[in-house]
Amino acid sequence: QLRWKSSHSDDYDEMPRQELVDPEATSSLCGTFGISCIRATGLAAADVMSSDPYCIVHVATEPKLSETWMTPTRMNTLHPEWNEVHEFPLNWPKNEISAEHTNV
């Protein structure tokens, strides 16, 4: 689940959404990008009968800078549940954002 919170808002929307920003209104796109890692399904066994899964997330938070977050490892399961949330602060100059990346 991906969520976006604008720098001007205190609350996340319940459902994931894309916030459109008028490029003429600001010089950069700033805010908080939230990732919720809920669970994994359909994992293949990496060990004999099970796995020790974890999730790694890489987010480009500004030009030439990325941040990484890793969930805890869930031991001996093919159906891990994390229910973890992590927030990444974003700061992208508008001239570094192309239309093909904003029209998902």
Side-chain angles (χ1 to χ4, degrees):
Q1 179 183 28
L2 305 177
R3 296 169 295 127
W4 170 258
K5 179 171 76 172
S6 168
S7 294
H8 308 290
S9 172
D10 292 333
D11 296 317
Y12 285 112
D13 284 345
E14 289 298 317
M15 296 298 295
R17 71 180 173 96
Q18 177 180 347
E19 182 171 307
L20 300 178
V21 177
D22 178 6
E24 299 301 320
T26 100
S27 62
S28 65
L29 177 63
C30 297
T32 302
F33 183 68
I35 304 274
S36 297
C37 186
I38 308 299
R39 67 182 157 270
T41 59
L43 297 179
D47 300 330
V48 175
M49 298 284 290
S50 190
S51 287
D52 300 329
Y54 56 89
C55 181
I56 298 176
V57 178
H58 303 282
V59 173
T61 55
E62 59 186 80
K64 299 182 182 180
L65 180 66
S66 66
E67 291 189 26
T68 301
W69 170 59
M70 184 173 137
T71 64
T73 302
R74 298 292 185 234
M75 305 304 284
N76 300 315
T77 182
L78 296 178
H79 307 284
E81 291 193 16
W82 291 281
N83 295 314
E84 302 233 355
V85 175
H86 188 77
E87 295 180 340
F88 296 91
L90 297 182
N91 185 9
W92 279 89
K94 70 177 183 181
N95 62 350
E96 296 284 332
I97 302 171
S98 69
E100 69 184 60
H101 295 114
T102 57
N103 295 323
V104 177

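The first residue in the sequence is number 1, and the count goes up from there.
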Quiz item: Considering only heavy atoms from C-beta outward, does the side chain of Leu65 approach that of Asn91 to under 4.5 Å?
Solution: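 Counting from C-beta outward, Leu65 and Asn91 never come under 4.5 Å.
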Minimum heavy-atom distance [X]-[Y], with the two atoms named:
| X | Y | answer |
| --- | --- | --- |
| Trp82 | Pro72 | NE1-O, 2.8 Å |
| Glu84 | Arg74 | OE2-NH2, 4.0 Å |
| Leu78 | Ser51 | CD2-OG, 3.7 Å |
| Leu43 | Pro80 | CD1-CD, 3.6 Å |

Answer yes or no: is there a donor N or O on one side and an acceptor on the other, between the side chain of [X] and the main chain of [Y], under 3.5 Å?
| X | Y | result |
| --- | --- | --- |
| Arg39 | His79 | no |
| Thr73 | Met75 | no |
| Ser36 | Val85 | no |

Quiz item: How would you list all residue pairs meeting side chain to side chain donor-acceptor pair (under 3.5 Å) that involve residues 52-69, not counting sequence neighbours?
Solution: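 Counting only pairs at least two positions apart or across chains, the side chain to side chain donor-acceptor pair (under 3.5 Å) contacts touching residues 52-69 are His58-Thr68.
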Self-check item: Chi angles and distances behind the side chain to side chain contact (heavy atoms under 4.5 Å, CB included) call for Leu90, Thr32
Solution: CA-CA 6 Å; Leu90 297 182; Thr32 302; over 6 Å; no
